[in-house]
Amino acid sequence: MQVKSKINSILESALNSIGANPKEVIVSEATKAEFGDFQYNGAMALAKELKQNPRKIAEDIASKLESNELFSKVEVAGPGFINLTINREFLEESLIASLDSRAGVGKKEEQIRVVVDYSSPNMAKQMHVGHLRSTIIGDTIANLFEFLGDEVIRQNHIGDWGTQFGMLVAYFEETGANADAKLSDLEQFYKEAKARFDENEEFATKSRQNVVKLQSGDKATLKLWKTFIEKSLHHAQDIYNSLGVKLDNSHVRGESAYNDNLENIVKELEQRGIAKESQGAKCLFFEDSETPLIIQKADGGYLYATTDLAAIKFRVQELGAKRVCYVVDARQAEHFKQVFKTAKSAGFANEDTLLEHIAFGMMLDKSGKPFKTRSGGTVKLKELIDEAVDRAKSVISRASEYDEQELEHIAKVVGIGSLKYADLSINRQSNYIFDWDKMLSLDGNTALYMQYAYARINSILNRAEEFKIVKPTFSDELERRLALKILNLEDTLNRAYKEAMPHLITNYLYELVSLFMRFYEQNPILKEGVDEEQKNSRLILAKATANAIKVSLNILGIEVLERI
RNA sequence: GCACUCGUAGCUCAGCUGGAUAGAGCACCCGCCUUCUAAGCGGGCGGUCUCAGGUUCGAAUCCUGACGGGUGUACCA
């Protein structure tokens, strides 16, 4: 149910009928409960255009709305605020739709094909905390788009090409018979190879030669390279599985996949006169930027800008994407700005193709400093996940009621849910302070709060006999507000879709569940003294709430539990 | 130097398509379990929205500048 858009269109015709045609009509949720459910503040802005008193305009608009059965109250306040209260009966009737598995949320009218590029781990190393945000924000966005009807193509643009592989190959050859054993810890293997690379010039040269061999398709080198990739992918897949992220090998299309196209990309850009030579390198210059985008080095080598351009071309022209989302660290903002601009001017993407950098802030430690990237100080993703699960296990209050296997499952769902929720609930654009205690604390606005509410509802539904799917009757204002919140899910998801902002969903969830918790405390469902009709109504409210929670959490990639 | 970005309660964050006394959680204090899961609920404490100008009937929100933090800035990805 899209309550807001419904109101917007009613408002729009009301506005038109008094001769106003604002370019956008937007109601917002009321800032105070006493103002009603929604408010429209546009009357004040129209005062100049219409050369009328804003209060008068508001009253004119209000008089057109009053007759509409959607509203039970239309009120003009102050200089020209229009406060709207939604008719209780309308909510009662609409709530039934929320009992289905989509919590009453429809698909978008226009559905498009979207590529979401996320995770993109480096294949030479283990995944670490630095990969967490891209992986879970990207997965959430992909889930959300899919849920609303888009055809989503997930792309894992893995870092599987470049110097580090020359290095690994060289080290593998050097260690000979021990190599296979050593590979069981790829991280360690990489470290040793890197150390060799830094200290030994001969080794470094050999590594670079291996890169050339790789790029020119030398069979033996390629074979070795493949074993590294397989090993790494296997590791990444373990992480995805335990995180419940929907990436698999079919989504992998790494840097190496574009290797053969790079030459043509450069050629094409040169022929179109977009690329120019400067200091021996092939570059693209931009008016608003003093640094160019380099697509080919002076020594002939290609760069990640070249790969990215090849990838855009592939995604738009071969995959047919109308929207391409790059879930990548905010530090690459300028890079993507230039790449997108180039892709459009070169015709790799159409003018109306949406190329978006879904930027997110860095992960900082408690003292506000960035995590180290190279020198051993990083937290491995695997360790992080394990600890999240361990901590969750130690916190489960009803632990004695479960057997070992059940406990394990609950700990996993709660621990990983908390880990993801903590990240997703923060506006992705700001830096994210990574704090074990906060992330794994199981209080407040966390996954656990939602999961707990869900389990509470489930407990009631299990106890209750089947309830009738008939129009409920709300017994107080709280129930009416809870219903309205449930019906707001679709508007929330649509806004989160437009802005690619997962935290809008967590904000919504928190409001929804807070309302439910109050309802739960105040309005008994199965207790004595509750009449049949009331009981039935409240069961419908509870069920609809559970659906909204489940749908929202599923989009965030977080599981619910029947019992906790 | 230039560009981008952020600066809201002790801490972590919402709010920023301009609107009516700026909202949460944590922490701290008080109250609520013989009845649907107290991992909960209710109440209290706590803010010159970094500062200074400007636009506007109205600014945490838009613009300019200053200060402070972060990031990026020619052949790494």
Side-chain angles (χ1 to χ4, degrees), chain A residues 24 26 28 30-32 34-35 39 41-42 44-45 47-48 54 77-81 83 120 122 157 159 161-164 255 278-283 288-299 301-305 307-308 328-335 337 359 361-362 364 366 368-370 395-398 401 414 422 425-427 429-433 435 437-438 441-446 448-449 451-453 455-464 495 499 503-504 506-507 510-511 514 517-530 535 538 542 563-564:
Chain A
E24 248 186 329
I26 300 175
S28 47
T31 49
K32 298 262 173 203
E34 67 213 64
F35 298 152
Q39 54 180 308
N41 308 323
M44 275 98 76
K48 261 197 189 137
F81 298 101
N83 293 331
S120 312
N122 189 319
H157 191 78
W161 212 234
T163 320
Q164 67 264 43
E255 292 164 1
S278 170
Q279 298 173 31
K282 298 200 173 129
C283 306
D288 54 355
S289 166
E290 45 180 67
T291 54
L293 189 69
I294 302 177
I295 53 171
Q296 189 169 20
K297 297 193 277 187
D299 69 6
Y302 302 107
L303 294 131
Y304 79 131
T307 312
D308 276 345
V328 182
D329 194 322
R331 282 177 288 194
Q332 297 193 32
E334 174 137 33
H335 166 75
K337 212 171 130 192
M362 293 180 304
L364 307 175
K366 233 174 173 173
K369 287 180 188 147
V395 172
I396 294 167
S397 57
R398 269 172 283 270
E401 296 174 20
V414 171
S425 61
I426 289 170
N427 183 330
Q429 303 195 64
S430 37
N431 287 338
Y432 172 48
I433 297 201
D435 174 353
D437 293 329
K438 194 195 169 218
S441 119
L442 305 173
D443 301 314
N445 180 14
T446 60
L448 185 64
Y449 185 70
Q451 287 164 331
Y452 182 57
R456 277 179 142 187
I457 297 171
N458 199 256
S459 168
I460 292 174
L461 295 176
N462 281 341
R463 258 166 227 265
R495 193 172 159 212
E499 300 177 30
H503 82 289
L504 296 176
T506 62
N507 285 358
Y510 189 58
E511 287 166 8
S514 295
M517 288 294 200
R518 276 173 63 195
F519 161 76
Y520 178 91
E521 300 280 340
Q522 283 177 32
N523 298 9
I525 300 176
L526 302 177
K527 295 179 187 177
E528 249 171 80
V530 184
K535 178 176 134 189
R538 289 177 180 172
R563 261 194 348 139
I564 188 170

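Quick caveat: nothing in here was measured; it's all calculated off a predicted structure. Atoms considered below: every heavy atom in the structure, side chains included; atoms not considered: hydrogens, waters and symmetry mates. Numbers restart at 1 for each chain; the letters A, B, ... are given by sequence-line order, proteins then strands.
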* Using the C1' atoms only, state how far A59(B) lies from C16(B), rounded to an integer number of Å. => 10 Å

* Taking only N and O in the side chain of Lys48(A), is any of them less than 4.0 Å away from OP1 or OP2 of U56(B)? -> no

* To do: State whether the aromatic ring of Tyr510(A) stacks on the base of A24(B), taking stacking to mean ring centres under 5.5 Å apart and ring planes under 30° to each other.
  => no

* **CD1-OH distance between Ile294(A) and Tyr304(A), expressed to the nearest 0.5 angstrom** => 10.5 Å

* Structure fact -> On a heavy-atom basis, the closest approach of Gln279(A) and Ala298(A) is O-CB, 4.3 Å

* **Arg563(A) CZ - A39(B) C1' separation (whole Å)** => 15 Å

* Asked: Which atom names give the shortest non-hydrogen contact between Pro54(A) and Met44(A), and what distance separates them?
  -> CB-CA, 3.9 Å

* To do: Mark up nucleotides 13-19 of chain B, 5' to 3', with B wherever a protein heavy atom is under 4.0 angstrom from a base atom, S wherever such an atom reaches only the sugar-phosphate, and - elsewhere.
  => SSSSB-B

* **Minimum-distance nucleotide to Glu290(A) side chain [options: G40(B), A74(B), G1(B)]** => G1(B)

* Base, sugar-phosphate, or nothing for Ala333(A), non-hydrogen atoms under 4.0 angstrom? -> nothing

* Take the protein atom CG of Asn445(A) and the nucleotide atom P of G23(B), then report the distance between them rounded to whole Å. => 18 Å

* How far does CD of Glu528(A) sit from CG of Leu526(A), to the nearest 0.5 angstrom? -> 12.0 Å

* Measure across Ile460(A) and Ile525(A) and return the closest heavy-atom pair with its distance rounded to 0.1 Å. => CD1-CD1, 3.9 Å

* Asked: Given atom CE of Met517(A) and atom C1' of A24(B), what is their separation to the nearest angstrom?
  -> 15 Å

* Structure fact -> Ranking A20(B), A39(B), C36(B) by distance to the side chain of Leu526(A), first place goes to C36(B)

* Asked: Would you say Arg456(A) reaches C36(B)'s phosphate, i.e. side-chain N/O to OP1/OP2 under 4.0 Å?
  -> no

* Distance in angstrom units between Gln296(A) CD and C76(B) C1', rounded -> 16 Å

* Structure fact -> Regarding the side chain of Gln332(A), the nearest nucleotide among A77(B), A38(B), U21(B) is A77(B)

* Gln164(A) and Gly159(A): which non-hydrogen atoms are nearest, and at how many Å? -> NE2-O, 4.4 Å

* For side-chain contact (heavy atoms from CB on, under 4.5 Å), just list the numbers for Arg518(A) and Asn523(A), CA-CA rounded to whole Å, side-chain angles, deciding distance to a tenth of an Å, and then say yes or no. => CA-CA 8 Å; Arg518(A) 276 173 63 195; Asn523(A) 298 9; over 6 Å; no

* Check every strand shown and say whether Leu293(A) touches a base, only sugar-phosphate, or nothing at a heavy-atom separation below 4.0 Å. => nothing

* From CA spacing to verdict: side-chain contact (heavy atoms from CB on, under 4.5 Å), Asn431(A), Met362(A) -> CA-CA 5 Å; Asn431(A) 287 338; Met362(A) 293 180 304; 3.9 Å; yes

* **Pro292(A) or Ile525(A), whichever maps to the more 5' nucleotide of RNA chain B** => Ile525(A)

* Classify the nucleic acid contact of Ile457(A) as base, sugar-phosphate or nothing, counting any heavy atom under 4.0 Å across all strands shown. => nothing

* **Pairwise P distance for A39(B) and C45(B), with rounding to whole Å** => 27 Å

* **P atoms of G58(B) and A20(B), separation to the nearest Å** => 14 Å

* Select one nucleotide: of C36(B), A39(B), C41(B), the one nearest the side-chain heavy atoms of Arg463(A). => C36(B)

* To do: Please measure how far the C1' atom in C13(B) lies from the corresponding atom in U34(B), and state the result in whole Å.
  => 41 Å

* Asked: Out of A74(B), U35(B), C76(B), which nucleotide sits closest to the side chain of Lys527(A)?
  -> U35(B)

* Answer yes or no: side-chain N or O of Glu511(A) and base N or O of G23(B) forming a donor-acceptor pair under 3.5 Å. => no

* Asked: What is the distance, rounded to the nearest whole Å, between atom CD1 of Ile294(A) and atom P of C76(B)?
  -> 8 Å

* To do: Counting heavy atoms from C-beta on, name the nucleotide in A39(B), A77(B), G42(B) closest to the side chain of Arg518(A).
  => G42(B)

* **Gap in Å between the two C1' atoms, one belonging to U12(B) and one to G7(B), rounded** => 15 Å

* To do: Return the orientation label for the Tyr510(A) and Tyr449(A) ring planes: parallel under 30°, perpendicular over 60°, tilted otherwise.
  => tilted

* Asked: How far, in whole Å, is C41(B) from C36(B) if one measures between their C1' atoms?
  -> 15 Å

* Side-chain donor/acceptor of Thr291(A) to base of A74(B), under 3.5 Å -> no

* Asked: Which whole number of Å gives the distance between the P atom of A60(B) and that of G53(B)?
  -> 14 Å

* Does some side-chain heavy atom of Leu448(A) sit less than 4.5 Å from a side-chain heavy atom of Ile564(A)? -> yes

* Quick one: Glu334(A) CD to A3(B) P, roughly how many Å, whole number? -> 11 Å

* **Options A74(B), U21(B), G70(B), nucleotide nearest the side-chain atoms of Cys283(A)** => A74(B)

* For C63(B), does the O4'-C1'-N9-C4 (purine) or O4'-C1'-N1-C2 (pyrimidine) torsion place it in syn, i.e. within 90° of 0, or in anti? -> anti

* If you take atom types as modelled and just measure distance, does the side chain of Asn83(A) reach the base of A20(B) with a donor-acceptor pair under 3.5 Å? -> yes

* Asked: At under 4.0 Å between heavy atoms, what does Ala77(A) touch on the DNA or RNA strands: base, sugar-phosphate, or nothing?
  -> base

* Asked: Taking OP1 and OP2 of A74(B), is either one under 4.0 Å from a side-chain nitrogen or oxygen of Tyr304(A)?
  -> no

* Nearest-Å distance for atom pair CD/P, residues Gln522(A) and G40(B) -> 17 Å

* Starting at the 5' end of RNA chain B, which residue's closest nucleotide do you reach first, Asp299(A) or Asp288(A)? -> Asp288(A)

* **Proximal nucleotide (of A39(B), C76(B), C36(B)) relative to the Leu303(A) side chain** => C76(B)

* Structure string for RNA chain B in dot-bracket form, Watson-Crick and G-U at under 3.5 Å, | interchain -> (((((((..((((.....[...)))).(((((.......))))).....(((((..]....))))))))))))....

* Between A77(B) and G18(B), how far apart are the C1' atoms? Round to whole Å, please. => 41 Å

* To do: Would you mind classifying the nucleic acid contact of Gln279(A) as base, sugar-phosphate or nothing, using non-hydrogen atoms under 4.0 angstrom?
  => base

* To do: Give a yes or no on whether the backbone of Gln39(A) and the side-chain of Asn83(A) come within a donor-acceptor separation of less than 3.5 Å.
  => no

* What's the closest nucleotide to the Arg331(A) side chain, out of G72(B), A39(B), C76(B)? -> G72(B)

* **Step-by-step side-chain contact (heavy atoms from CB on, under 4.5 Å) determination, His157(A) to Thr307(A)** => CA-CA 10 Å; His157(A) 191 78; Thr307(A) 312; 4.0 Å; yes

* To do: For Phe35(A), answer base if it contacts any base atom (sugar-phosphate contacts may also be present), sugar-phosphate if it contacts only those atoms, and nothing otherwise; contact means non-hydrogen atoms under 4.0 Å.
  => base

* Asked: How close or far is atom P of U35(B) from atom CD of Glu521(A), stated in whole angstroms?
  -> 12 Å

* Looking for any heavy atom pair under 4.0 Å, which part of the strands does Asn458(A) touch: base, sugar-phosphate only, or nothing? -> nothing

